[in-house]
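What follows is a set of notes on a single structure, which appears directly below.
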Amino acid sequence: MNGAGEEDTAWALRPATLEDVEQIAIAELELFPDEAWNAFQLAEEIAHPDRRYVVAVQGERADGALLGYAGIMLAGDLADLHTIGTREEGRGIGRALLAWCEQQARDGGAERMLLEVREDNARARAVYTAAGYREIDRRRGYYRIRGRRIDALVMRRDLGAEGGPSA
């Protein structure tokens, strides 16, 4: 999967490896400075047998700079989106990462995907809503960011067998 045919704008997805941990940790600090996972936590996640992590990388062969990453936890018929982050907007990277995670969840036997998103993250909420996620709960004051308390919205999507949202 890539964003365009030209080498400088092309990108691809591939499963994350332990060699990606340092770059993911740096991206975590850039994207989520108040709640970033550290390299040790990320390494444990990537190595865990019930987790699936993916990276979006510059270049058609996915051998360039890290553009984004995502990871899920599999738990029977349920999957939980643990993290998703993109360094560049408007290229479809976030949607592709989410779709990859959903397919991994389906392949792992999950029928539903859950996620949490900060209430003030309108961009992410719009992506999730467009992908068929619906708010099912609210965790009041879940995030503590620089002295503020921000609600977490819990969203769910039925994955269905076909890859699209099920009714």
Side-chain angles (χ1 to χ4, degrees), residues 1-3 11-28 31-32 35-64 66-88 91-118 121 123-139 142-143 152-167:
M1 181 174 305
N2 70 45
W11 54 272
L13 300 181
R14 64 169 171 74
T17 67
L18 291 175
E19 287 78 33
D20 296 313
V21 166
E22 184 177 346
Q23 287 303 308
I24 295 171
I26 291 168
E28 273 277 297
L31 297 169
F32 309 108
E35 51 198 348
W37 290 18
N38 66 43
F40 298 107
Q41 291 168 310
L42 290 164
E44 285 181 353
E45 284 291 300
I46 289 170
H48 196 287
D50 293 329
R51 311 293 196 262
R52 303 291 181 273
Y53 275 73
V54 60
V55 291
V57 183
Q58 190 77 34
E60 290 180 10
R61 294 183 305 277
D63 56 1
L66 181 80
L67 300 174
Y69 57 95
I72 63 169
M73 174 183 73
L74 297 171
D77 65 351
L78 183 66
D80 188 65
L81 182 69
H82 272 190
T83 187
I84 187 166
T86 61
R87 286 177 154 165
E88 295 187 15
R91 293 178 67 184
I93 296 168
R95 288 186 305 275
L97 290 167
L98 182 59
W100 186 94
C101 287
E102 291 170 344
Q103 188 58 54
Q104 290 296 307
R106 273 186 218 88
D107 292 350
E111 298 171 7
R112 296 175 316 282
M113 177 95 84
L114 291 177
L115 61 85
E116 289 175 357
V117 61
R118 281 177 33 182
N121 191 341
R123 179 175 159 241
R125 288 173 58 194
V127 169
Y128 298 141
T129 299
Y133 288 83
R134 299 293 172 254
E135 184 179 336
I136 62 166
D137 201 1
R138 174 182 296 262
R139 295 184 176 148
Y142 183 79
Y143 296 101
L153 303 179
V154 180
M155 302 181 82
R156 185 186 88 193
R157 175 176 174 222
D158 293 332
L159 295 174
E162 303 291 311
S166 59

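Note that this is a predicted model, so its numbers are computed, not measured.
- With hydrogens and angles ignored, the 3.5 Å screen pairs no side-chain donor or acceptor of Arg14 with any backbone N or O of Val55.
- Among all heavy-atom pairs drawn from Ile84 and Ala70, the shortest one is CG1-CB, 3.8 Å.
- Remark: Trp100 CH2 to Ile72 CD1 distance equals 7.0 Å, nearest 0.5 Å.
- Checked by atom type and distance alone, the side chain of Arg51 never pairs as donor or acceptor with a backbone atom of Gly71 at under 3.5 Å.
- Considering all non-hydrogen atoms of both residues, Leu74 and Gly108 come closest at CD1-CA, 4.1 Å.
- Nearest heavy atom pair, residue Leu18 against residue Ala43, reads CD2-O, 3.6 Å.
- The salt bridge (Lys or Arg N to Asp or Glu O under 4.0 Å) search around Glu22 returns none, not counting sequence neighbours.
- Here the closest non-hydrogen pair linking Val54 and Cys101 is CG1-SG, 4.4 Å.
- Ile93 approaches Glu88 most closely through the heavy-atom pair CD1-O, 4.4 Å.
- Shown here are the salt bridge (Lys or Arg N to Asp or Glu O under 4.0 Å) partners of Asp80, two or more places apart in sequence or in another chain: there are none.
- Judged purely by distance below 3.5 Å, without hydrogens or angles, the side chains of Tyr69 and Gln23 never pair a donor atom with an acceptor atom.
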Which donor-acceptor pairs under 3.5 Å do side chains of residues 131-138 form with protein atoms, sequence neighbours excluded?
{"unit_1": "Tyr133", "atom_1": "OH", "unit_2": "Glu102", "atom_2": "OE2", "d": "2.8"}
{"unit_1": "Arg134", "atom_1": "NH1", "unit_2": "Thr129", "atom_2": "O", "d": "3.2"}
{"unit_1": "Arg138", "atom_1": "NH1", "unit_2": "Glu119", "atom_2": "OE2", "d": "2.5"}
{"unit_1": "Arg138", "atom_1": "NH1", "unit_2": "Asp151", "atom_2": "OD2", "d": "2.9"}
{"unit_1": "Arg138", "atom_1": "NH2", "unit_2": "Glu119", "atom_2": "OE2", "d": "3.3"}

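- No more than 12 heavy-atom neighbours from other residues, nucleotides or ligands sit within 6.0 angstrom of OH on Tyr142.
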